[in-house]
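A single structure is presented below for examination.
By convention here, the first residue in the shown sequence is residue 1. In listed order, ligands and their atoms are each counted from 1.
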Amino acid sequence: MTTSTDPNSPLSLALAQLRGAADLEALKALERDLLGKSGPAGQILASIPTLPPEERKSAGARANEIKRALEEALSARKRELEDVALAAERTGGDFDATLPPAPLERGGLHPVTRVVRDLEDLFTSMGYTILDGPEVELDWYNFEALNIPKDHPARDAQDTFYCDPEGRVVLRTHTSPVQIRAMERMKPPFRAIVPGKVFRNEAVDASHEHTFHQMEGLVVGKDVSVGHLIGAMKTLLRGVFGKDIEIRLRPGYFPFVEPGFELDARCPFCSTGCRVCKQSTWIELLPCGMVHPNVLKSGGIDPEQWTGFAFGLGLSRLVMLRYGIDDVRHLLSGDLRFLEQF
Ligand code: PHE
């Protein structure tokens, strides 16, 4: 063997470089340089055509020898570096088991969900049942059975998303259709609330959304009167704002109630006028009224025997009042900067 022991020979220098590689990346770079065409073995191979024929064989053998030596040194160093890395991983490297863990991200309930749950607690404590109904609804339940026939002008007041060309199926524009579904299913007397999403084909701005929340209330019984309605609404306000709040009724028109009212409450936030009540000290809280006899009939209930009241609480508005939210669009935005505040 003619392995050179000269410390300055290209082989010795290359071996020294491989053995001293600081990490796997440096080793890779050296592999490219030293085992390629411009490395010590590559150079000998390249010079072979220029040598006299009798020297060519030994030059080839020499190049192979060098290549093998380099490959050996390379894989030996690679193994060493891998062992070091593995050992570091096994001892945990810079992991400190005594440090406190990173805080867990916690989800929270949507403000609408919070208010719905509070109201559900309140109303179930008064003997109400919680009902649900389809969001994609038949025209019959959304309008017709609620005493709103096809040509009725009240239809224009509720910009409707129609789901079919014949207009038989709609996205419900209010939770009132569940009044009829409730009457079909339950024998009077009964009390029910229906929290849910409703949809209107409206231009969206800070106080209008195409999708918002309502909570319907329906009570049917013997001799149910406006007095019962007022009592229930006062209890509702006490539950929501934690104190007794004065209310007033103004006449309001909805085809499915007679008489119909707009119920206002004294502003819960001031006594002399503020931004929320627009300086009037009253806030418009909800429309309500005594269930129209035609509606009871549509639901299969005899209006000679039974009476009832209904209310349509604007949940989105109530949520905004309760938390001081000034733009309804936040509610469905899914924006974490908004949601994380609750
Ligand atoms: N459904 C009506 C609306 O959304 C509100 C309402 C409900 C009025 C119940 C009276 C009684 O406009």
Side-chain angles (χ1 to χ4, degrees), residues 112 116 119 123 128 130-135 137-149 152-161 170-183 190-202 207-221 224-226 228-233 236-237 247-265 283-296 298-299 301 303 306-320 328:
V112 171
V116 168
L119 290 173
F123 278 98
Y128 284 67
I130 302 166
L131 294 182
D132 205 354
E135 291 173 356
E137 185 56 284
L138 292 171
D139 179 276
W140 163 257
Y141 288 102
N142 196 79
F143 292 121
E144 205 90 11
L146 289 168
N147 205 29
I148 315 176
H152 199 285
R155 289 203 178 203
D156 300 337
Q158 302 198 349
D159 311 271
T160 309
F161 286 115
V170 301
L171 294 187
R172 69 177 178 194
T173 57
H174 49 181
T175 42
S176 301
V178 190
Q179 286 191 28
I180 306 294
R181 292 183 176 275
M183 293 180 203
F190 64 82
R191 307 162 203 204
I193 52 163
V194 187
K197 271 196 203 110
V198 302
F199 310 88
R200 292 202 194 165
N201 191 357
E202 286 187 309
S207 42
H208 297 89
E209 250 296 15
H210 47 70
T211 302
F212 55 101
H213 293 81
Q214 287 189 339
M215 193 181 79
E216 197 79 7
L218 175 65
V219 172
V220 178
V224 171
S225 69
V226 175
H228 295 115
L229 168 61
I230 292 174
M233 295 303 98
L236 163 68
L237 283 169
I247 61 172
R248 72 177 182 194
L249 293 177
R250 289 177 288 122
Y253 174 68
F254 299 90
F256 36 95
V257 285
E258 179 56 38
F261 308 105
E262 289 287 354
L263 186 143
D264 298 340
I283 51 169
E284 228 177 81
L285 192 73
L286 52 81
C288 54
M290 302 307 294
V291 181
H292 195 290
N294 287 351
V295 174
L296 289 168
S298 299
I301 291 177
W306 304 98
T307 53
F309 68 77
F311 57 89
L313 182 65
L315 265 184
S316 300
R317 221 177 84 79
L318 189 68
V319 170
M320 290 167 73
V328 66

Donor-acceptor contacts under 3.5 Å from residues 248-262 side chains, at least two apart:
{"from": "R248", "atom 1": "NE", "to": "D264", "atom 2": "OD2", "distance (Å)": "2.9"}
{"from": "R248", "atom 1": "NH2", "to": "D264", "atom 2": "OD2", "distance (Å)": "3.1"}
{"from": "R250", "atom 1": "NE", "to": "D264", "atom 2": "OD2", "distance (Å)": "2.7"}
{"from": "R250", "atom 1": "NH2", "to": "D264", "atom 2": "OD1", "distance (Å)": "2.9"}
{"from": "R250", "atom 1": "NH2", "to": "D264", "atom 2": "OD2", "distance (Å)": "3.4"}
{"from": "Y253", "atom 1": "OH", "to": "H152", "atom 2": "NE2", "distance (Å)": "3.3"}

At less than 3.5 Å, what protein N or O atoms come close to the N or O atoms of ligand 1? Include the distances to 0.1 Å.
{"from": "ligand 1", "atom 1": "1 (N)", "to": "H174", "atom 2": "ND1", "distance (Å)": "2.9"}
{"from": "ligand 1", "atom 1": "1 (N)", "to": "S176", "atom 2": "OG", "distance (Å)": "2.8"}
{"from": "ligand 1", "atom 1": "4 (O)", "to": "R200", "atom 2": "NH2", "distance (Å)": "3.0"}
{"from": "ligand 1", "atom 1": "4 (O)", "to": "Q214", "atom 2": "NE2", "distance (Å)": "2.9"}

Between V219, N147, L296, V224, which is the residue that forms a side-chain contact (heavy atoms from CB on, under 4.5 Å) with V291? L296

Side-chain contact test, heavy atoms from C-beta onward, threshold under 4.5 Å: evaluate it for P195 versus I130 and give yes or no. yes

Salt bridge (Lys or Arg N to Asp or Glu O under 4.0 Å) partners for R181, two or more places apart: E137

Mind checking side-chain contact (heavy atoms from CB on, under 4.5 Å) for N201 and listing every partner two or more places apart, or none if nothing turns up? D159, F161

Taking S316 for the side chain and H213 for the main chain, is one N or O donor matched with an acceptor at less than 3.5 Å? yes

